[in-house]
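The chain is numbered in sequence order, starting from 1. Computed from a prediction, not measured in an experiment: that's the story for all the values here. Start at 1 and go down the list; that is how both ligands and their atoms are numbered.
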Amino acid sequence: MKTFTRLLACAALVASAAHAQKFAGLAPAPPMGWNTWNTFAGNCSEALVKETADAIIANGMRDAGYTYIVVDDCWENKERDAEGNLVPDPAKFPHGMKALGDYLHAKGFKFGIHNCAGKTTCGGYPGGRGHEFQDARLYASWGVDYLKYDWCDHGTANGPETYRIMSDALRAAGRPIVFSLCEWGQSQPWRWAEPVAHLWRTTGDVAPQYAGVGERKWEHGWKTLLDMNVGLEKYAGPDHWNDPDMLEVGVTGLTFAESRAQFSLWCMLAAPLIAGNDVRGMSPEVRGLLTNRAVIAIDQDRLGHQGFRFRVDADKEIWAKELSKKEWAVCVLNTGDKPAELTLDMHELTFLTEQYYEVTDVWTGKPAGTANDPHAARVDSHDVMLFRLKPSS
Ligand code: GLA
């Protein structure tokens with residue numbers, strides 16, 4: 001009987017290990033922050049991260065919600081040390097990662113880092129395969145709050161199994177760390193990753209262009225990534241977000257209209273808002289985009305519903321996002337390559353349930369009548385109209 005009880009206890013342990021859960025509740029709203037990759041690629045460094053953090057305080061981004069500062073690929077030495085630990089490149093990070101984490105925490109930020117579920121990262125640095133528990137303990141000792149975990153050099157590894165190991169390792173290391181899964185949507189993580197991760201990439205990489213394939217074939221313009229997210233809205237919600245990749249807002253390659261539209265539509269998607277531009281020298285206009293609180297509020301709305309594409313016309317798309325308190329956000333995108341007079345007849349928005357709505361033009365902050373009024377404007381190519389509808393009596 002004793003042996004039987006022991007067996008039962010063992011079985012319970014194995015079962016609970018197999019169903020280990022992520023740290024719940026770390027991402028009630030889509031994470032917001034900044035990442036080194038889109039502008040600086042392999043040229044990340046302690047100096048860059050500190051200067052960026054200081055700029056994010058000075059320009060108001062931190063107070064608008066951008067709190068995760070993420071060091072992407074290429075922060076490491078090419079080899080682990082004799083004990084098998086990852087080592088930060090001393091030329092790029094002379095004071096090491098714990099010191100960088102301390103700096104960021106003292107300034108009210110959270111510290112994010114990148115690595116890879118394969119043997120090497122996409123940049124050719126040591127990946128985590130086979131070292132998951134050791135690496136998770138190291139990240140915890142550095143004060144890491146967010147781990148972006150990539151998918152290069154994974155060989156024949158299985159996505160769900162591999163990411164579950166790292167999720168378990170983070171859990172075992174004991175520090176609450178947001179787990180940002182980056183396997184490019186290959187094994188449809190929206191179908192299986194909710195217990196494992198707080199967010200998961202749904203696509204390959206974003207390029208600083210409106211649409212189409214980027215210079216590197218795994219990169220696409222943001223509109224192409226947006227299209228790939230159609231239909232995925234049912235899989236997202238508080239603590240489990242679809243991630244259509246980072247913002248290219250303010251990065252050379254996009255027009256101002258395209259930056260504004262990407263920002264608007266990423267907010268409609270309840271996407272993580274991870275800026276990737278050089279915030280140390282951005283224009284007041286770009287800063288105005290990234291820090292517009294009314295637009296950010298659409299992304300961060302506590303209902304946590306991802307918006308959906310309601311309608312596609314020849315040169316126009318209509319996107320809608322349900323918000324808390326029966327409010328709605330509606331975004332109209334000019335998909336044509338010329339400025340156009342766009343009209344939105346809100347009577348056609350069949351998802352609306354209330355009889356009367358007051359409408360606000362979100363980018364200008366100005367009242368825009370009611371849902372019974374016609375809404376028309378001249379909109380630049382690849383720019384948007386963005387409205388917030390509030391029930392009224
Ligand atoms: C992959 C990821 C990118 C970035 C690079 C770094 O391509 O999808 O977001 O992290 O690796 O090498």
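At least one heavy atom of W184 sits less than 4.0 Å from an atom of ligand 1. Residue D150 places a heavy atom under 4.0 Å from ligand 1.
Using cut-offs of 30° and 60° on the angle between ring planes, the pair F308 and F351 is perpendicular.
Of all protein heavy atoms, the one closest to atom 12 (O) of ligand 1 is D73 OD2, 2.7 Å. Counting only heavy atoms of the protein, atom 8 (O) of ligand 1 lies nearest to D205 OD1, 2.5 Å. Counting protein heavy atoms only, atom 10 (O) of ligand 1 is closest to D72 OD1, 2.7 Å.
Note on residues 84-94: pairs passing side chain to side chain donor-acceptor pair (under 3.5 Å), not counting sequence neighbours, are N85-Q134.
No donor-acceptor contact under 3.5 angstrom links the side chains of E233 and H305, judged on distance only.
Screening V206, D205, N277 for a side-chain contact (heavy atoms from CB on, under 4.5 Å) with N38, the sole residue that qualifies is V206.
Near H114, with a cut-off below 4.0 Å to any heavy atom, the atoms of ligand 1 are 10 (O). Each of the atoms 2 (C), 8 (O) of ligand 1 lies under 4.0 Å from some heavy atom of C182. For ligand 1 and C122, the ligand atoms under 4.0 Å from any heavy atom of the residue are 1 (C), 11 (O), 12 (O). Contact atoms of ligand 1 toward R201: 8 (O), 9 (O) (distance under 4.0 Å to a heavy atom of the residue). Counting the atoms of ligand 1 from 1 in the order shown, those under 4.0 Å from a heavy atom of K148 are 3 (C), 4 (C), 9 (O), 10 (O).
Taking the side chain as every heavy atom from C-beta outward, R201 and E183 never approach each other to under 4.5 Å.
Shown here for W151 and N158, the closest heavy-atom pair between the two residues is CH2-C, 4.0 Å.
Under the ring-ring contact (aromatic ring centres under 6.0 Å, His included) criterion, F111 pairs with no residue, sequence neighbours left out.
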